[in-house]
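Structure record follows, encoded as structure tokens.
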Amino acid sequence: MELSKEYDPKLVEEKIYKAWEENGYFNSEINPKRDKFVIVMPPPNVTGRLHIGHALNFTLQDIFVRFNRLFGLETLFLPGIDHAGIATQSVVEKELLSRGIKKDELGREKFLEEVWSWKEKYGNIIIEQSKKLGVSADWRRLRFTLDDKYVDAVLEAFVKYYEEGLLYRSERIINWCPHCHTAISDIEVEYFEEKSKLYYLKYPLEDGGDYIVVATTRPETMLGDTAVAVNPDDERYKKYVGKFVILPLVNRRIPIIADPSCDPNFGTGAVKVTPAHSVEDFEIGKRHNLEIITVINDVAKMVNVPECYLGLTTLEAREKIIEDLSKDGLVERIEDYTHSVGHCQRCGTVIEPLVSKQWFLSMETLAKEAKEAVKSGKVKIIPDKWVKVYFNWLDNIRDWCVSRQLWWGHRIPAYYCDDCGEVVVSKEKPEQCPKCGSKNIHQDGDVLDTWFSSALWPFATLGWPEKTPELGYYYPTSLLITGYDILFFWVARMVWSGMHFMKEEPFKVVMLHGLVRDEKGRKMSKSLKNIVDPLNLIEEYGADALRFTLASLSTLGGQDINLSKERLKASRNFINKIWNASRFVLMNLEDFNPNEIKEDELELEIEDKWFLSRLNKHIKTEVEYLKDYDVGEAARKLYEFVWGEFCDWYIELSKLRLYSDNVSKKKTAQFLLWKSLISILKMLHPYIPFVTEEIYSYIPNVDKPLIKAPFPQVEEAYINDEVERKADFIFQVIKGIRSIKAELGLPLITELNASYFSLSEDEKSLIEQEKDKVMKITKVKDLSFVEEKPDRALRSVILGTTVYVELPFEFDLEKEKEKFIKKLESVDKELKAINSRLLNPSYLEKASKDVIEKDKRLALELEKTKLVLLNHIEDLGGK
RNA sequence: GGGCGGAUAGUUCAACGGUAGAACGCUUGCCUUACACGCAAGAAGUUAGAGGUUCGAAUCCUCUUUCGCCCA
């Protein structure tokens with residue numbers, strides 16, 4: 001077998017993925033005998049291309065999925081696609097327009113045909129792209145929010161809510177996007193601070209002479225004013241309350257009313273009230289029974305207004321109205337003003353609050369259910385800082401406007417009788433009106449908010465409302481992973497839907513991760529040109545490198561991730577390192593059969609015991625981190641362990657035996673390398689599945705594939721702190737000798753004599769025992785115990801031991817002395833700190849025993865080192 | 001206006017109550033029969049600032065500065 005020196009993901013990833021998929025390794029079957037682990041994938045938009053946010057989201061999910069698969073759980077990763085109402089409709093609309101076809105001329109049915117054919121053509125691109133990342137989802141179960149069965153679930157939910165009185169149709173003020181030409185919900189409005197003007201307008205009092213001055217940012221809405229409001233406690237205006245003003249330009253007589261929502265500090269303290277075009281004013285209007293006069297239509301043009309303003313855009317109307325009012329001297333002044341303006345989240349257009357008849361989902365009961373699920377611990381939110389945000393949102397929630405004036409989506413199952421106006425809500429179109437018997441019935445033309453359907457995702461994908469075996473086995477799901485940006489849009493709504501329809505939580509844990517930003521922490525955006533395409537990154541560094549980068553940058557706190565090329569390079573190098581370490585092991589396994597080895601009869605060297613202890617500790621911590629959902633720390637720890645301990649020390653030390661003639665020692669080393677590598681590959685596999693599976697395929701005497709292999713068991717008996725300390729001492733001795741050579745600029749291969757002296761019997765016997773190893777690895781010719789300091793030797797102090805490296809030439813004694821003085825200073829500083837602690841009665845009383853023990857041991861070691869250092873400084877001529 | 005998060009080595013990030021770590025970059029020496037996407041050795045930090053709690057604080061509390069998010 002010849003493996004290349006450099007790992008090339010391009011030669012591996014596609015092949016491996018194909019093999020996994022073809023062999024059905026991602027598939028899950030109902031298996032009541034086994035514990036299950038279920039993740040439903042947040043469905044990406046059907047219009048979508050894989051972006052870096054998906055890459056992070058999918059990577060995290062796939063890590064948990066793969067771990068649980070290795071742990072032997074029946075693991076379902078259920079993928080899906082969202083129809084994404086507005087987004088998809090506008091993409092197809094634009095596409096048609098580019099061919100000169102207008103949506104409205106085409107008609108609803110033909111248009112929907114076009115969208116479907118577009119969906120068939122492009123809708124699965126993101127699925128294919130996510131496969132490049134290694135996503136191990138059960139693709140057979142792919143769901144789409146407009147699948148027949150899913151549509152049925154959505155209609156079922158709508159009808160049930162309606163029957164329970166939670167859904168109602170009402171004329172209320174809503175957020176209207178004049179560009180998307182639809183109502184949107186409160187959370188789809190984004191507010192930005194904008195520089196604007198505050199206009200002070202004079203409204204003449206009915207009884208003549210006097211004016212009342214109102215301040216407004218939107219003078220064009222004055223044509224729809226039906227009152228002027230002041231705060232009831234505002235002394236300035238008390239005398240006016242109950243009187244009337246004559247609305248300029250339209251000469252309407254409107255009352256001056258007192259309402260507590262008026263802020264006396266805003267403007268003049270008096271505000272104009274336009275119930276049809278302001279959310280706050282609508283509320284005031286309701287309280288005071290004001291007339292609602294609509295003066296702006298659904299494309300943001302003026303209606304129901306005097307001829308000269310009719311059909312103007314709101315901005316044109318604003319200018320003309322100010323001009324006209326000025327002529328009459330009714331504009332008191334205009335100030336610069338900054339305020340926040342609502343924009344459509346999708347298209348950025350300024351939102352027009354309009355009064356319109358829409359379907360609303362009543363939030364009171366559902367919000368309560370959503371809160372209860374988290375309060376009771378049925379749903380756990382990680383990190384828990386989001387719990388407060390979640391409650392806060394639910395506490396202040398308003399009824400959810402769920403109807404959208406679109407064609408693409410779930411058409412609202414409400415039918416209206418053209419003759420008597422009766423409303424029937426049902427999955428099927430009624431034959432005739434149940435009230436008057438008329439057959440002139442038409443269906444509501446609107447569709448539902450996309451989020452209304454995705455709120456049902458965890459159970460509708462499993463067959464609800466049918467009581468399918470899937471629903472029985474896989475629900476509730478185990479874990480939901482998504483970005484914190486859709487906590488309200490999606491997570492909260494899924495929670496209440498699950499609690500309401502299933503009476504059980506949709507998922508036991510929801511893990512919210514951060515957003516991916518550029519290396520400077522800026523949001524990725526087209527205008528900044530800092531968008532990175534994950535597919536390019538995969539092309540350049542490999543999917544494993546991208547996955548490992550994203551995983552290792554994740555934090556338990558769900559912080560945003562700043563992605564940089566440097567980090568990707570580091571991950572790519574790490575993967576190459578693993579590749580080469582494995583290649584090394586495999587190269588040395590050619591004449592080896594693990595079946596010939598009895599593990600409990602092996603003669604273990606100190607480095608074996610050390611490494612087995614380290615390895616088992618890491619298997620343990622790996623599992624612990626994952627139980628705590630700390631993927632990032634788990635990945636980072638693994639990196640340090642594999643590179644810093646396995647590669648740098650264990651493999652290096654194993655060479656001494658692999659290249660020796662001692663057959664039994666060689667076989668021991670081979671066996672342990674074989675065994676360790678298998679464990680390491682298993683631990684790494686969830687993060688970097690491709691390279692690990694590829695390497696695993698070359699490993700002799702293991703059951704393949706890795707994706708289905710059992711996770712390594714912790715072998716407690718190997719965990720041994722004492723051994724670790726001893727080995728560490730030897731490593732320090734090795735480093736000491738290397739350091740001396742390096743400081744002199746000598747290549748490591750320069751052969752020199754070394755010797756040592758030790759105050760400690762333990763240290764002395766350890767060195768005696770491991771002498772050959774140390775000599776070989778540091779390339780020194782000798783390492784004998786000496787009572788007397790050799791001539792011309794540089795020294796290195798490790799605990800109570802001094803290692804001398806003898807030199808064939810003179811060197812700078814002063815420099816050597818300074819090195820020790822510097823070291824003494826730091827030892828002294830630390831020792832003083834520890835000693836003062838150990839002399840402090842309240843420390844001894846209050847600190848934990850472990851900490852005190854550790855301090856005491858450290859103090860002893862430092863004392864020893866200090867003594868040795870003092871000797872050397874004295875010997876080199878004193879301070 | 002209310003809330004949340006960040007500020008730690010030149011850079012990107014860890015550590016979340018017991019001696020501040022890694023990666024990249026930098027310096028020096030090495031193509032040592034796994035790897036130059038590498039090896040070895042090094043330099044580099046009053047943990048934004050000021051108070052407080054504690055035997056002990058980067059870590060907990062308060063305030064300030066600053067950057068960023070969310071909600072109204």
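So that the names make sense, note that chain A is the first sequence line, chain B the second, and so on, each numbered from 1.
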### Message
Take N1-N3 plus N6-O4 or O6-N4 for Watson-Crick, N1-O2 plus O6-N3 for G-U, both under 3.5 Å. Which runs of 3 or more such pairs involve RNA chain B?
### Response
B:1-7 with B:65-71, B:10-13 with B:21-24, B:26-30 with B:38-42, B:48-52 with B:60-64
So [X], base contact, sugar-phosphate only, or nothing? Heavy-atom distance under 4.0 Å.
X: Arg572(A); answer: base
X: Ala570(A); answer: sugar-phosphate
X: Tyr7(A); answer: nothing
X: Asp648(A); answer: sugar-phosphate
X: Val389(A); answer: nothing
X: Thr555(A); answer: sugar-phosphate
X: Lys569(A); answer: nothing
X: Leu858(A); answer: base

Among [options], which nucleotide sits nearest the side chain of [X]?
X: Lys388(A); options: C39(B), A14(B), C4(B); answer: C4(B)
X: Asn573(A); options: C24(B), G38(B), G18(B); answer: G38(B)
X: Glu652(A); options: C35(B), C39(B), C71(B); answer: C35(B)
X: Asn580(A); options: C35(B), G5(B), C37(B); answer: C35(B)
X: Ile651(A); options: A34(B), G18(B), G42(B); answer: A34(B)
X: Asn392(A); options: C71(B), C39(B), G18(B); answer: C71(B)
X: Tyr639(A); options: C35(B), A22(B), C39(B); answer: A22(B)
X: Tyr659(A); options: C24(B), A34(B), A41(B); answer: A34(B)
X: Phe584(A); options: G38(B), A34(B), C71(B); answer: A34(B)
X: Arg583(A); options: C70(B), U12(B), A34(B); answer: A34(B)

I'd like the [atom1] distance from [M] over to [N], given in whole Å.
N: A44(B); M: C26(B); atom1: C1'; value: 9 Å
N: U12(B); M: C30(B); atom1: C1'; value: 29 Å
N: A20(B); M: U47(B); atom1: P; value: 10 Å
N: C61(B); M: G1(B); atom1: P; value: 24 Å
N: U33(B); M: A14(B); atom1: P; value: 39 Å
N: C16(B); M: U59(B); atom1: C1'; value: 5 Å
N: U54(B); M: U46(B); atom1: P; value: 28 Å
N: A57(B); M: G52(B); atom1: P; value: 12 Å

### Query
Is any side-chain N or O of Lys779(A) under 3.5 Å from a base N or O of A40(B), one able to act as donor and the other as acceptor?
no
### Query
Under the 3.5 Å rule, do the base of C35(B) and the side chain of Lys5(A) count as making a donor-acceptor pair?
no
Between [atom2] on [N] and [atom1] on [X], what's the gap in Å once rounded to a whole number?
X: Leu515(A); N: G5(B); atom1: CG; atom2: C1'; value: 12 Å
X: Lys819(A); N: A41(B); atom1: NZ; atom2: P; value: 14 Å
X: Trp649(A); N: A34(B); atom1: CH2; atom2: C1'; value: 18 Å
X: Asn840(A); N: U54(B); atom1: CG; atom2: C1'; value: 11 Å
X: Phe641(A); N: G21(B); atom1: CZ; atom2: C1'; value: 18 Å
X: Asp560(A); N: G6(B); atom1: CG; atom2: P; value: 11 Å
X: Glu283(A); N: A72(B); atom1: CD; atom2: C1'; value: 14 Å
X: Ile187(A); N: C71(B); atom1: CD1; atom2: C1'; value: 12 Å

### Summary
Which of Ile678(A), Ile651(A), Thr668(A) passes side-chain contact (heavy atoms from CB on, under 4.5 Å) with Leu673(A)? It is Ile651(A)
Are [X] and [Y] ion-paired here, with the side-chain N under 4.0 Å from a carboxylate O?
X: Glu825(A); Y: Lys822(A); value: no
X: Glu652(A); Y: Lys655(A); value: yes
X: Arg572(A); Y: Asp544(A); value: no
X: Asp728(A); Y: Lys735(A); value: no
X: Lys864(A); Y: Glu861(A); value: no
X: Lys637(A); Y: Glu633(A); value: yes
X: Glu724(A); Y: Arg614(A); value: yes
X: Asp608(A); Y: Arg657(A); value: yes
X: Arg218(A); Y: Glu352(A); value: yes

With a 4.0 Å cutoff (strictly under), does any side-chain N or O of [X] reach OP1 or OP2 of [N]?
X: Ser739(A); N: G42(B); answer: yes
X: Trp393(A); N: G2(B); answer: no
X: Lys735(A); N: A40(B); answer: no

### Task
Provide the closest heavy-atom pair for Ala370(A) versus Ala492(A) in the form atom of the first, atom of the second, distance.
CB-O, 4.2 Å
### Toward the 5' end of RNA chain B, by each residue's nearest nucleotide, Phe574(A) or Ala742(A)
Phe574(A)
### Message
Using heavy-atom distances to pick each residue's nearest nucleotide on RNA chain B, tell me which of Ser582(A) and Lys385(A) is more 5'.
### Response
Lys385(A)
### Query
Does a sphere of radius 6.0 Å around CZ in Arg398(A) hold more than 12 heavy atoms from other residues, nucleotides or ligands, not counting ones at 6.0 Å or beyond?
no
### Message
Within the supplied structure, the quantity of interest is the number of heavy atoms (other residues, nucleotides, ligands) at a distance under 6.0 Å from Lys665(A) NZ; does it exceed 12?
### Response
no
### Validation row: Glu283(A), Arg287(A) side chains within 4.5 angstrom (heavy atoms)
yes
If you restrict it to nitrogen or oxygen atoms, what contacts under 3.5 Å exist between nucleotides 45-48 of chain B and the protein, and what is each distance?
none

